[in-house]
Amino acid sequence: MTLAELLPSLGAVEPLTGQCWPRGTHLGPDADLVVDGTGLVGLAARFGTPCHVLSEGHARAAARDFRRALPRAEVLFAGKSAPIRAVYSWMADEGLSLDVCSAGEVEVGRAAGVPGARMVLHGNAKTDDDLKAAVAHGVRRVVVDSASELPALAALCPAGQEVLIRVIPEVDAHTHAAITTGVRGQKFGVPAEDLPAVAAAIARHPNLTLVGLHCHIGSQVTRVAAYETAVRRMVHLLPGPLRDLDLGGGFAAPYHPGEPTFDVQGFATRVQIALQQECAARRLPQPTLLVEPGRSIVANAGITLYRVVSVKPGFAAVDGGMSDNPRPSLYGARYAPRLLGRTTRAHRTPTTVVGRHCESGDIIAENAPLPADLHPGDLLAVPATGAYHTALASNYNMVCRPPVISVHNGHATPRIRRESLSDLMARDLG
Ligand SMILES: *Cc1c(COP(=O)(O)O)cnc(C)c1O
């Protein structure tokens, strides 16, 4: 423990609060943060900024939480949240299956050694290339989003292809409109009243076998009750005994110090009780539950490191932004950055941390309490950037995407290298 940590009244080093940092993160010497055994200041020096850091220990532990809470369920990692080979193989190691939605994600899974028998393919517009990649890898289950995709599916899939139907459960998870997927008027799934017709259409294709229903009510869902409602509705909609009931993902992750982590155990208890009650009431055998967590496993495993490039009253601009994290522009997301690597007695002042890109919506944090003496060269750490960051990154302003460095038990391993200008120019044919 450092002197500053013992004497927070000095005001030199902000204590670590909240659950948005990777598990086990603690203060290190000289206002460093030690994540899974590795100091972040050293990582920034070694790998440059911006830089995504991912705690393997946190991601594995969060995966184990789901396995422990739901020992009889199949837990699938939502591959779109962090399409990184190492992450997929940690998840497979922890006994999770993989949910994919494109030929690209099938390929990352294949490269990570995930067998097709452990994969589920999603998507509201699966292209022939997606289906061919899935079939070539033997992806066991395909989730049907509409009857219109059945001819293509039947033409490309082998005999005995297992399918689930994605149903709109009409559960409003009360999350951001862009990530609300359980209600009418959004693009995913089949309305409940169309379910019998889609099931009948599947039955007309001899090589497709209906094995279950699927729903996904949204993302960053904080209320366990929304899932309980969903499971009751879904059992009600089962056309008869089916093997699988997939409840999707969407479990919330804390992005700010005051926010709680999702109650996985409470979810497991309440959903399993609801499943048992509804199945008993309908005299149906209980299907196997499937869940598809993405964000709740990897969001808090990740931290992004930035350098401050310029400051003006009330603002600090860093060397990354919407190219490595478009969530602020997409959903109005805001983060809680922290100064790293130097102590200061300067008072905290509300500072809006912005990115380097040519859009005024390129905002990482609004009025974050940061030291008034923040200056170019300072290092900022932004927690909760492990999900949908690398996955959603772009090259806006011809900015190269950052590397992903995993840390575990004091070892740092580059998993995705920093993009170079030659990577970008190689696609421009002149
Ligand atoms: C995005 C998605 C998930 C994962 O959502 P998280 O919020 O990352 O848990 C799971 N299932 C489906 C079908 C999805 O589209």
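In listed order, ligands and their atoms are each counted from 1. What you see is a predicted model, and the numbers here were worked out from it, not measured in a lab. Throughout, numbering of the chain's residues begins at 1 and tracks the sequence.
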Judging by distance only, is a nitrogen or oxygen of [X] under 3.5 angstrom from one on ligand 1?
X	answer
Pro293	no
Gly294	yes
Arg295	yes

Among protein heavy atoms, which lies nearest [atom], and at what distance?
atom	result
atom 9 (O) of ligand 1	Gly250 N, 2.8 Å
atom 4 (C) of ligand 1	Ala78 CB, 3.3 Å
atom 7 (O) of ligand 1	Ser219 OG, 2.2 Å
atom 1 (C) of ligand 1	Lys80 NZ, 1.4 Å

Using a 4.0 Å cut-off to any heavy atom of [X], which atoms of ligand 1 qualify?
X	result
Arg166	13 (C)
His122	13 (C)
His214	13 (C)

Using a 4.0 Å heavy-atom cut-off, which part of [X] comes near ligand 1: side chain, backbone, both, or neither?
X	result
Asp99	side chain
Glu292	both
Tyr388	side chain

Side-chain heavy-atom pair Cys400, Leu424 within 4.5 angstrom cut-off: yes
Aromatic ring pairing Tyr227/Phe267, orientation class (parallel under 30°, perpendicular over 60°, tilted between): perpendicular
Short N-O contact, Arg232 and Glu228, less than 4.0 angstrom: yes
Salt-bridge contact Arg60-Asp93 (side-chain N to carboxylate O under 4.0 Å): yes
Partner of His122 by side chain to side chain donor-acceptor pair (under 3.5 Å), out of Lys80, Glu292, Arg166: Glu292
Geometric cation-pi criterion, Arg327 with Tyr335: 6.0 Å, 45°: no
CG on Leu305 to CD1 on Ile405, rounded to 0.5 Å: 9.5 Å
Contacts of Glu74 that satisfy salt bridge (charged side-chain N to carboxylate O under 4.0 Å, His left out) - sequence neighbours left out: Arg141
Contacts of type side chain to side chain contact (heavy atoms under 4.5 Å, CB included), residue Ser329, not counting sequence neighbours: Met322
